[in-house]
Novice: 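Here's a structure for you.
Any value given below was found using the heavy atoms of this structure, including those in side chains, with hydrogens, waters and symmetry copies removed. Below, chains carry the letters A, B, ... as their sequence lines are ordered, and counting in each starts from 1. None of these values were measured; they are calculated from a predicted model.
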Amino acid sequence: MSSFKSPRGVRDILPPETARWRALESQFAGVCERAGYGELVSPMFEDAGVFARLGEDTAVVSKEMYDFFDKKGRRMALRPELTASAARAFIEHHPEVPWKVWYSGPQFRYEQPQAGRYRQFMQVGIELFGVDDPHSDVEVIALGWEFLRSLGLQDMTLLVNTLGDSESRSAYAGVLGDYLAESELSEASVETALKNPLRVLDSKREQDQQVIAGAPSCLDHLTSEAADRFAAVRSGLDALGISYEVSPRLVRGLDYYTHTAFEYVSNSLTSAQNALGGGGRYDGLIEALGGTSTAGIGFALGADRILLACDTEETFLLSETLLDVFIVDITDGQAALTLSQELRSAGISADRAWGSRSLKAQMKAANRSNARFALIVGTDEQASGTVSVKDLETSQQTQISQDAIVEHLQSRLKQL
RNA sequence: GUGGCCGUAGCUCAGUCUGGUUAGAGCGCCGGGUUGUGGUCCCGGAGGUCGGGGGUUCGAAGCCCCUCGGUCACCCCA
């Protein structure tokens, strides 16, 4: 019989690495909650229609959705992203605006896996509904940036662009479409150009690079309102001292974006998967999902990639797990059994060795456990109702009565 | 979905080109170095259907085909 392995493109995260994931999430939670965002927990799957509205010709919807029919024949989909779910929740519960939420959790896309790209991947992100003040764009962009910086990441670039309002966007799409129609594009891009010319700007094919470099800029086709709005966002970022690059080629993959679009790029990741996260304004999304017109902006960050970038920048590394005591019992094991329980109830972290292994073997285990103290119970201690407390850093050892052990350890741990 | 590279002990890898007795190393793990003491050192040990299946051959980790997985690029995006 063959044994099972995890499916393609998904993976296990084991301890101690899981502690790093939890630390990342809790740091993100802290950053968000200090800015007035509350946590949103939404379902892992939704009616597939929720995601279909993201744009019928985006690959996320047309090719990569993990969709299925449930037992009643309803078409459901594992969420490929969280903005649509958040928008659906917003419409369903009509909370008061501004509605500021953060989230964290797995998303699913049926893609060709490679480093930094998995079929189940973890994102953290925020959404801010009901505000179209340009300073809200600045708050959101800055929050993501500060979070990434707080992890110790240095080698990053913030890219900012605007797609303008729908008037600007369609004017630009027309101009760009005309330009592309007369250019020598790769075969695949010719097709893309017909459906959504903006998306061609994302192409990395060698053949398209020259065409893209010479393409008209979306910034030249903004209405004056859209241009003013972008200027306000930029001056807000300037005021906060956040440096960024204006990237007129930055068009985000999902169709619901309007106005501000941004991306956090890691320069330390050499692969094509170097975008740590991105987001933008999606003022039309709520309406597309059947709600009343509401402004919105948010971002999502890929936790898998963030940790890859942390690896290459050697930051946010796994800290050693610390343990207060490790119990070594070379008698009948009764002391290990009761002591570990007693210490844990008193708030002292305690681990122990199993089986009747030699003192030497148990001391090795104690050392490996990173415990500060080893509690040793041998025949002498058992006879006298004591326990030997060995400081594993200084190697100093004292014998303490079992009745006084909790108090003794508490005071010594407090002194550290 | 398309193409390139890769898959040997828990981990990192040698061995594959030039098929040939019991498949190796380092780290890790387990045990020992005499009465009950970890980290260093010394000695010993366990652990592998060579990703899986089929084929060629007297003989396959090695050659061929298929398949699964990883990785890189396109694509897509976080």
Novice: Is there side-chain contact between A/Tyr244 and A/Phe262, with heavy atoms separated by less than 4.5 Å?
Specialist: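 Contact flag for A/Tyr244/A/Phe262 side chains = no.
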Novice: With A/Phe28, which of A/Phe147, A/Tyr37, A/Phe316 fulfils ring pair (Phe, Tyr, Trp, His ring centres under 6.0 Å)?
Specialist: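 It is A/Phe147; the other options fail the test.
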Novice: Just the rounded figure in Å: distance from P of B/C72 to CG of A/Leu308.
Specialist: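 From A/Leu308 CG to B/C72 P: 9 Å.
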Novice: What residues form a salt bridge (charged side-chain N to carboxylate O under 4.0 Å, His left out) with A/Glu92, not counting sequence neighbours?
Specialist: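 Applying salt bridge (charged side-chain N to carboxylate O under 4.0 Å, His left out) to A/Glu92 gives A/Arg88.
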Novice: In residues 16-42 of chain A, which residues come under 4.0 Å of RNA chain B by heavy atom?
Specialist: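 Output list: empty, so none.
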Novice: Over how many whole Å does the gap from A/Lys63 atom NZ to B/C75 atom C1' extend?
Specialist: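 Checked: the NZ to C1' distance equals 6 Å.
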Novice: Please examine the side chains of A/Leu375 and A/Leu343, heavy atoms only from C-beta on, and report whether any two atoms are closer than 4.5 Å.
Specialist: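 The answer is yes, as the side chains (C-beta and beyond) meet within the 4.5 Å cut-off.
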Novice: Please state how far atom CG in A/Asp208 lies from atom P in B/C75, giving the value in whole angstrom units.
Specialist: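 Rounded to the whole Å, the gap is 8 Å.
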Novice: Going by heavy atoms closer than 4.0 Å, what residues in residues 297-307 of chain A are next to RNA chain B?
Specialist: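 Within this stretch, A/Ala300, A/Gly302, A/Arg305 sit under 4.0 Å of the strand.
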Novice: Within this structure, what is the CG-to-C1' distance between A/Leu201 and B/C76, rounded to whole angstrom?
Specialist: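 Distance, rounded to whole Å: 15 Å.
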Novice: Return the value, rounded to whole Å, for the distance between atom NZ of A/Lys195 and atom C1' of B/C75.
Specialist: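 Result: 12 Å.
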Novice: Please classify the nucleic acid contact of A/Ala366 as base, sugar-phosphate, or nothing, using heavy-atom distances under 4.0 Å.
Specialist: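 The answer is nothing, as A/Ala366 stays clear of every strand by at least 4.0 Å.
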Novice: Report, as yes or no, whether the 6.0 Å neighbourhood of atom CD on A/Gln410 holds more than 12 heavy atoms from other residues, nucleotides or ligands.
Specialist: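 Yes - once you tally the heavy atoms of other residues, nucleotides and ligands closer than 6.0 Å, there are more than 12.
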Novice: Salt bridge (charged side-chain N to carboxylate O under 4.0 Å, His left out): which pairs involve residues 206-218 of chain A, sequence neighbours left out?
Specialist: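 Sorted pair list: A/Arg205-A/Asp208.
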Novice: Any side-chain N or O of A/Ser203 below 4.0 angstrom from OP1/OP2 of B/C74?
Specialist: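 A/Ser203 to B/C74 OP1/OP2: no side-chain N or O under 4.0 Å.
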Novice: How many whole angstroms separate atom CZ of A/Phe51 from atom P of B/C77?
Specialist: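 Rounded to the whole Å, the gap is 16 Å.
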Novice: Is the number of heavy atoms from other residues, nucleotides or ligands within 6.0 Å of CD (A/Gln210) greater than 12?
Specialist: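 At most 12 heavy atoms, drawn from other residues, nucleotides or ligands, come within 6.0 Å of this atom.
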Novice: If the C1' atom of B/U21 is compared with that of B/C41, how far apart are they to the nearest Å?
Specialist: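 The same atom, C1', in both gives a distance of 37 Å.
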Novice: Does atom CD (A/Glu191) have a neighbourhood of more than 12 heavy atoms from anything else shown, all under 6.0 Å?
Specialist: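 Atom CD in A/Glu191 is not crowded, with 12 or fewer foreign heavy atoms closer than 6.0 Å.
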Novice: Where along residues 144-164 of chain A does a heavy atom come under 4.0 Å from RNA chain B, residue by residue in number order?
Specialist: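 Output list: empty, so none.
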Novice: Quote, to the nearest angstrom, the P distance that separates B/A25 from B/A9.
Specialist: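 Their P atoms lie roughly 14 Å apart.
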Novice: For A/Gln27, enumerate each residue passing the side chain to side chain donor-acceptor pair (under 3.5 Å) test, keeping only those at least two apart in sequence or located in another chain.
Specialist: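 Scan of A/Gln27 (side chain to side chain donor-acceptor pair (under 3.5 Å), adjacent residues dropped) gives A/Ser150.
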Novice: Find which nucleotide of RNA chain B each of A/Arg205 and A/Gln123 is nearest to by heavy atoms, and output the residue with the more 5' nucleotide.
Specialist: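 The residue mapped nearer the 5' terminus is A/Arg205.
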Novice: Compile the donor-acceptor pairs under 3.5 Å between side chains in residues 118-126 of chain A and protein atoms, sequence neighbours left out, one pair per line.
Specialist:
residue: A/Arg119; atom: NE; partner: A/Glu111; partner atom: O; Å: 2.7
residue: A/Arg119; atom: NH2; partner: A/Glu111; partner atom: O; Å: 3.1

Novice: Salt bridge or not for A/Lys100 and A/Glu139, using N-O below 4.0 Å?
Specialist: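 Judged by the 4.0 Å cut-off on N to carboxylate O distance, A/Lys100 and A/Glu139 do form a salt bridge.
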Novice: Which value, in whole Å, describes the distance between the C1' atoms of nucleotides B/C58 and B/U67?
Specialist: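 Nearest-Å result for B/C58 against B/U67 at atom C1': 29 Å.
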Novice: Taking pairing as Watson-Crick or G-U wobble with both contacts under 3.5 Å, can you name the mate of B/G3, or confirm there isn't one?
Specialist: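 Its partner is B/C72.
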Novice: Can you tell me which nucleotide in B/C74, B/C77, B/A78 comes closest to the side chain of A/Arg199?
Specialist: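 Nearest to the side chain of A/Arg199 among the choices is B/C77.
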Novice: Assess whether atom OH of A/Tyr110 is packed by more than 12 heavy atoms of other residues, nucleotides or ligands within 6.0 Å.
Specialist: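 At most 12 heavy atoms, drawn from other residues, nucleotides or ligands, come within 6.0 Å of this atom.
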Novice: Report, one pair per line, the protein and nucleotides 1-11 of chain B atoms (nitrogen or oxygen only) whose separation is under 3.5 Å.
Specialist:
residue: B/G1; atom: N7; partner: A/Gln112; partner atom: NE2; Å: 3.0

Novice: Could you check how far CD of A/Glu187 sits from C1' of B/C74, rounded to whole Å?
Specialist: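 Computing the A/Glu187:CD to B/C74:C1' distance gives 13 Å.
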Novice: If you look at every heavy atom in A/Arg344 and A/Asp351, which pair is closest and at what distance?
Specialist: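 Residues A/Arg344 and A/Asp351, closest heavy atoms: NH2-CA, 4.0 Å.
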Novice: Taking only the C1' atom of each, what is the distance from B/G62 to B/G51 in whole angstrom?
Specialist: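 That atom pair is separated by 15 Å.
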Novice: Using the C1' atom on both, measure B/G7 against B/G15 and round to a whole Å.
Specialist: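 That atom pair is separated by 15 Å.
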Novice: Name the pairing partner of B/G62, where a pair is Watson-Crick or G-U wobble with both distances under 3.5 Å, or state none.
Specialist: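 Matched B/G62 with nothing under the 3.5 Å cut-off.
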Novice: Along nucleotides 27-41 of chain B, 5' to 3', which nucleotides get a B, which get an S, and which get a -, given that the test is a protein heavy-atom distance under 4.0 Å?
Specialist: --SSSSB--BBBB--
Novice: Between A/Tyr118 and A/Ser6, who's closer to the 5' end of RNA chain B by nearest nucleotide?
Specialist: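 In this pair, the answer is A/Ser6.
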Novice: Count the heavy atoms of every other residue, nucleotide or ligand shown that sit under 6.0 Å from CD of A/Gln399, and state whether that count exceeds 12.
Specialist: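 Counting neighbours around CD of A/Gln399, more than 12 heavy atoms of other residues, nucleotides or ligands fall under 6.0 Å, so yes.
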Novice: Which part of the nucleic acid does A/Gly116 contact within heavy-atom distance under 4.0 Å: base, sugar-phosphate only, or nothing?
Specialist: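 The answer is base, as A/Gly116 lies within the cut-off (heavy atoms under 4.0 Å) of a base atom.
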Novice: In whole angstrom, give me the gap between the C1' atoms of B/C5 and B/G44.
Specialist: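 The same atom, C1', in both gives a distance of 41 Å.
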Novice: Between B/A14 and B/U8, how far is it from one C1' atom to the other, in whole Å?
Specialist: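 Rounded to whole Å, the distance is 9 Å.
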Novice: Return yes if the base of B/A78 and the side-chain atoms of A/Glu111 contain a donor-acceptor N/O pair under 3.5 Å, otherwise no.
Specialist: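 It does, because a donor-acceptor pair links the side chain of A/Glu111 to the base of B/A78 below 3.5 Å.
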Novice: Provide the full list of salt bridge (charged side-chain N to carboxylate O under 4.0 Å, His left out) pairs with a residue in residues 379-392 of chain A, sequence neighbours left out, each pair given once.
Specialist: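 Qualifying pairs, neighbours excluded: A/Arg372-A/Asp391, A/Asp391-A/Arg412.
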Novice: With C1' as the reference atom in both, quote the distance from B/C27 to B/G19 in angstrom, rounded to an integer.
Specialist: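 Roughly 31 Å separates the two C1' atoms.
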Novice: Could you let me know what B/C27 is paired to, Watson-Crick or G-U wobble, both distances under 3.5 Å, or none if it's on its own?
Specialist: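 Its partner is B/G10 (Watson-Crick or G-U wobble, both distances under 3.5 Å).
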Novice: Mind checking the CG-CZ spacing from A/Asn274 to A/Arg305? Nearest 0.5 Å is all I need.
Specialist: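 Going from the CG atom of A/Asn274 to the CZ atom of A/Arg305 covers 8.0 Å.
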Novice: Can you sort out the partners of A/Asp283 under salt bridge (charged side-chain N to carboxylate O under 4.0 Å, His left out), two or more places apart, ordered by chain and number?
Specialist: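 For A/Asp283, the residues satisfying salt bridge (charged side-chain N to carboxylate O under 4.0 Å, His left out) (neighbours in sequence not counted) are A/Arg281.
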Novice: With sequence neighbours left out, write down each residue that passes side chain to side chain donor-acceptor pair (under 3.5 Å) with A/His135, or none if nothing qualifies.
Specialist: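 Listed in chain order: nothing, the list is empty.
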